[in-house]
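Counting starts at 1 for both ligands and their atoms, in listed order. The figures that follow rest on heavy atoms only: side chains count, while hydrogens, waters and symmetry mates do not.
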Amino acid sequence: MTPMVVGEDLPNIPWQERPADCGTVVWRHSANPIIPRDALPWSNSVFNSAVVPFRDGFAGVFRVDEKTRRQVLCAGFSEDGVHWRIEDKPLTLAGADPEISRFEYGYDPRVCRIDDRYYVMWCNGYRGMPTIGLAVTDDFKSFTQLENAFLPFNRNGVLFPRMINGKYCMLSRPSDPGHTPFGHIFISSSPDLTYWGCHRHVMGPKQPWECTKIGAGPVPIETTEGWLLIYHGVLTTCNGFSYAMGAALLDLERPWKVIARCREYLMCPETPYECMGDVPNVVFPCAALVDAETGRIAVYYGAADTSTGLCFTQVDELLNHIRAESEV
Ligand code: BMA
């Protein structure tokens, strides 16, 4: 049976057909990077950012590193998903317990719609240590901060877009205070987005291209075959880390069970804007738009910790590809 997306149609998904000379399952937007590093007068870089369908267009939360190199989050809006207006001021968070409300730094946001509200997760500095921050918005103008999901040190927190067996579920990647030379993906669940438990191991590094660490990317995509998880995998080379993109299929009801997993990376740093920048050789997926009708998927990814790229794939091709060469 052809694998299908379980979700809504998105006829205005940004899309380009695969170029005739391209034989890979993922291909890049011809105008990449679609968001340059100097999208704002004060931005050093705009990358590792998350977008969702919103009203008649799209909205998102963007990782912006200021020219001071402070890491902040900015909301942004777009009619077509390619041309973005990023707010000129970092977003502000309200409503949190004063103990956690002082914004120290925030980076690598994800955005997940659950029941018509938009949840933002990001790597949140708490007393100088990275953990998973959580906030909710209805309009991308005001954001209510919730409790941090986990204890430090943790990064790459990614919510599932619906409750599973009556619980919210979040992937995360326990880490360390620095550049973390290890990393497995875990899943935790919560009845209320405040108290998290039932921590389960999902997967760790497997192939050489991801042998240092892995971390969840976009919000998992529900398909008739399972949850499609796009993730990043890191190889340590003699010249530092190299970040590539991979994908796996997780069980729908027990998402810590991996059904299939790609053996080869799907996309690695190849173009000048992925190989050169503030941190060379980084492809870091953080968001995906999906059209259930056509199975089209548009993935937003950070390129070399500097700019934002867009690439495309098709759900049936991608799942067939993962399953054909799977090594769990
Ligand atoms: C990770 C995060 C990402 C970054 C990547 C590559 O640890 O800090 O924001 O893209 O490293 O530098």
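Distance from atom 12 (O) of ligand 1 to its nearest protein heavy atom, with residue and atom name: Asp305 OD2, 2.7 Å. Counting protein heavy atoms only, atom 2 (C) of ligand 1 is closest to Asp108 OD2, 3.5 Å. For atom 8 (O) of ligand 1, the closest heavy atom belonging to the protein is Tyr107 CE1, 3.9 Å.
Residue Asp192 qualifies as enclosed at atom CG: its count of foreign heavy atoms under 6.0 Å is above 12.
Contacts of Asn48 with ligand 1, taken as heavy-atom pairs under 4.0 Å, involve the side chain alone. Contacts between Tyr243 and ligand 1 below 4.0 angstrom, taking non-hydrogen atoms only, involve the side chain exclusively. At a heavy-atom cutoff of 4.0 Å, ligand 1 is contacted by no atom of Arg155, backbone or side chain.
Taking the six-membered ring for Trp, Trp256 and Trp227 have ring centres at least 6.0 Å apart. Separation of the Phe140 and Tyr118 ring centroids falls under the 6.0 Å cut-off.
Salt bridge present: Glu274 and Arg28 bring a charged side-chain N and a carboxylate O closer than 4.0 Å. The residues Arg37 and Asp278 are annotated as salt-bridged, a charged nitrogen and a carboxylate oxygen being separated by less than 4.0 angstrom.
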